[in-house]
Trainee: 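The structure under discussion is supplied below as structure tokens; questions concerning it will follow.
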Protein chains: 2
Amino acid sequence: MDVLTRIRAAGFRATKQRIELVRFLEKTEHPLDIQDIVKGLSRSTDMVTVYRMLAAFKRADLVREVNLRGEHPRYELADESDHHHIVCTDCGRIEDFTDETHERIGKQVLARSKSFEAITGHSFDLYGVCKPCAK
Amino acid sequence: MDVLTRIRAAGFRATKQRIELVRFLEKTEHPLDIQDIVKGLSRSTDMVTVYRMLAAFKRADLVREVNLRGEHPRYELADESDHHHIVCTDCGRIEDFTDETHERIGKQVLARSKSFEAITGHSFDLYGVCKPCAK
DNA sequence: TTAGCTGCAAATACTTTGCACTGGG
DNA sequence: CCCAGTGCAAAGTATTTGCAGCTAA
């Protein structure tokens, strides 16, 4: 589905700011924070507009918010396959990995829990040292 | 180990503010944010001091920072056994659970990764609906 | 005694809100 | 045409920094 269609399908007007945002996120490999995103868009696009676009896209499940340790939230397109992040604690490099095990863990936890009725989401991220930083 | 000794062992002076903070965190069942903590301490303890105590205790591994979705950071004593949190997305209720599986996942990810040398930490939390909220 | 801590004030950083104008459909 | 969306300004929060005075050791 092309960018304009995706934006409209989510119930929004396809403005040039929104089109540029989606195209920019399509090009990025890893979740970016507000600052990164503002820097990546036309200088004329206000940071406030970026906040508003991301909030709206998040509500519409077009964009996914990623919260890593101590950092401000980062954003990535939600259509990317479900994955988790491994982060270098030294340089901040982020890489993706996939894992299905947590689903089973969720079910186990639910079975044992006296107080929870359902599980609707999870966060699972790893922190480590990347090879360049390990040297 | 008693509170004063623990604080001193971490390399700090056992001031009344720090003693009160540790005693307060010992009583709490789940990680609290800055606001909760300030409210729980003597009115005379400045919020700035709370920020500074938590930052120092975190560096000294006396306190652990917990980052949940979209929330400001929360803090709990680090001596509590390694555990994860399950959070009700409706009322914010937090419960603990333990799981060892993520260690194995970490090793698998590391084995497959071309760019990471070591894993030093992780975050794993579940989100769901608690029984009272499900009704 | 004296360096580590604290409280108060102020600076900085981040995010949200209000409002008039613009442009997408 | 008209209302969702934008930019600019300003307000609201969260967090950090500077510094003078206090206090634990």
Trainee: Picking from C/dT15, D/dT17, C/dG25, which would you name as closest to the side chain of B/Val48?
Mentor: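 Ranking C/dT15, D/dT17, C/dG25 by closest atom to the B/Val48 side chain puts D/dT17 first.
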
Trainee: Counting only side-chain nitrogens and oxygens, does B/Tyr51 get under 4.0 Å of the OP1 or OP2 atom of D/dT15?
Mentor: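 For D/dT15, OP1/OP2 do have a side-chain N/O of B/Tyr51 under 4.0 Å.
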
Trainee: Between D/dA14 atom P and B/Ile37 atom CD1, what is the distance in whole Å?
Mentor: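 Those two atoms, CD1 and P, are 14 Å apart.
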
Trainee: Please tell me if A/Gln17 has a side-chain N or O lying less than 4.0 Å from either OP1 or OP2 of C/dG23.
Mentor: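 Result: no.
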
Trainee: By nearest heavy atom, map A/Lys16 and B/Thr15 onto DNA chain C; which one lands nearer the 5' end?
Mentor: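 That would be B/Thr15.
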
Trainee: Among C/dT6, C/dT15, C/dG25, find the nucleotide with the atom closest to the side chain of A/Arg8.
Mentor: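 Ranking C/dT6, C/dT15, C/dG25 by closest atom to the A/Arg8 side chain puts C/dG25 first.
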
Trainee: Establish, for the pair B/Arg69 and B/Tyr127, whether the NZ or CZ atom is under 6.0 angstrom from the six-membered ring centre and no further than 45 degrees off its axis.
Mentor: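 Yes, B/Arg69 lies over the aromatic ring of B/Tyr127.
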
Trainee: Could one point to a donor on the side chain of B/Arg52 or the base of C/dG7 with an acceptor on the other under 3.5 Å away?
Mentor: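 Donor-acceptor pair under 3.5 Å: yes.
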
Trainee: Between C/dG7 atom P and B/Met53 atom CE, what is the distance in whole Å?
Mentor: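 Computing the B/Met53:CE to C/dG7:P distance gives 8 Å.
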
Trainee: Please report how far the helix from C/dT1-D/dA25 to C/dG25-D/dC1 bends, comparing the axis fitted to its first five pairs with the axis fitted to its last five, to the nearest 10 degrees.
Mentor: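 For the helix from C/dT1-D/dA25 to C/dG25-D/dC1, the axes at either end differ by 40°.
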
Trainee: Provide, to the nearest angstrom, the distance between the CG atom belonging to B/Asp46 and the P atom belonging to D/dT16.
Mentor: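 For the pair B/Asp46 CG and D/dT16 P, the rounded distance is 14 Å.
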
Trainee: Could you state the interatomic distance from CZ (A/Arg93) to SG (A/Cys130), rounded to the nearest 0.5 Å?
Mentor: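 It comes to 5.0 Å.
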
Trainee: Hey, does B/Asp125 have a side-chain heavy atom less than 4.5 Å from the side chain of B/Ile86?
Mentor: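 Side chain of B/Ile86 against side chain of B/Asp125, heavy atoms only: no contact under 4.5 Å found.
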
Trainee: Rounding to an integer number of Å, can you tell me how far B/Leu41 CG sits from C/dT6 P?
Mentor: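 Going from B/Leu41 (CG) to C/dT6 (P), I get 11 Å.
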
Trainee: For DNA chain C, determine which residues of residues 55-63 of chain A have any heavy atom closer than 4.0 angstrom to one of its atoms, and list them numerically.
Mentor: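 Contacting residues: none.
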
Trainee: In terms of side-chain heavy atoms of A/Arg13, which of D/dG5, D/dT15, C/dC14 is nearest?
Mentor: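 The answer is D/dG5, which lies nearest to the side chain.
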
Trainee: Can you identify which nucleotide, out of C/dT6, D/dT15, D/dA14, has its nearest atom closest to the B/Gln35 side chain?
Mentor: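 Of C/dT6, D/dT15, D/dA14, D/dA14 is nearest to the side chain of B/Gln35.
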
Trainee: Between C1' on D/dT23 and CZ on B/Arg18, what's the gap in Å once rounded to a whole number?
Mentor: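 So the CZ-C1' distance, B/Arg18 to D/dT23, works out to 12 Å.
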
Trainee: May I have the distance from B/Leu54 (atom CG) to D/dT15 (atom P), rounded to whole angstrom?
Mentor: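 Roughly 11 Å, once rounded to whole Å.
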
Trainee: Could you state the CD-P distance from B/Glu71 to C/dT15, rounded to the nearest angstrom?
Mentor: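 That distance rounds to 15 Å.
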
Trainee: Among D/dT6, C/dT2, D/dT15, which nucleotide sits nearest the side chain of B/Pro73?
Mentor: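 Nearest listed nucleotide: D/dT15.
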
Trainee: Could you state the interatomic distance from CG (A/Leu68) to OG (B/Ser123), rounded to the nearest 0.5 Å?
Mentor: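 These two atoms lie 7.5 Å from each other.
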
Trainee: Can you tell me if B/Asp2 and B/Thr5 form a side-chain donor-acceptor pair at under 3.5 Å?
Mentor: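 Yes, side-chain donor-acceptor contact under 3.5 Å.
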
Trainee: Ignoring the backbone of A/His72, work out which of C/dG7, D/dT15, C/dT15 is nearest its side chain.
Mentor: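 Closest nucleotide to the A/His72 side chain: C/dT15.
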
Trainee: First locate atom CG of B/Leu54, then atom CD1 of B/Ile34, and finally report the distance between them rounded to the nearest 0.5 Å.
Mentor: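 Result: 5.0 Å between the selected atoms.
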
Trainee: What is the distance, rounded to the nearest whole Å, between atom CG of B/Leu4 and atom C1' of D/dT23?
Mentor: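 Spelled out: CG on B/Leu4 to C1' on D/dT23 is 14 Å.
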
Trainee: Mind telling me whether A/His84 and A/His102 have parallel, tilted or perpendicular rings, with 30° and 60° as the class edges?
Mentor: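 Rings of A/His102 and A/His84: perpendicular, as their planes differ by over 60°.
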
Trainee: Can you say whether the rings of B/Phe12 and B/Phe57 are parallel (under 30°), tilted (30 to 60°) or perpendicular (over 60°)?
Mentor: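 If you compare the ring of B/Phe12 with that of B/Phe57, the planes turn out tilted.
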
Trainee: B/Val22, B/Leu32: one ILVMFWY side-chain cluster at the under-4.5 Å cut-off?
Mentor: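 Same cluster: B/Val22 reaches B/Leu32 through Ile, Leu, Val, Met, Phe, Trp or Tyr contacts under 4.5 Å.
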
Trainee: Which residue in the set A/Glu71, A/Glu76, A/His72 passes side-chain hydrogen bond (donor to acceptor under 3.5 Å, both in side chains) when paired with A/Arg74?
Mentor: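 Result: among A/Glu71, A/Glu76, A/His72, A/Glu71 is the only option passing the side-chain hydrogen bond (donor to acceptor under 3.5 Å, both in side chains) with A/Arg74.
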
Trainee: Could you check which of C/dT17, D/dT15, D/dT6 has an atom nearest any side-chain atom of B/Ile34?
Mentor: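 Closest of the options to the side chain of B/Ile34: D/dT15.
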
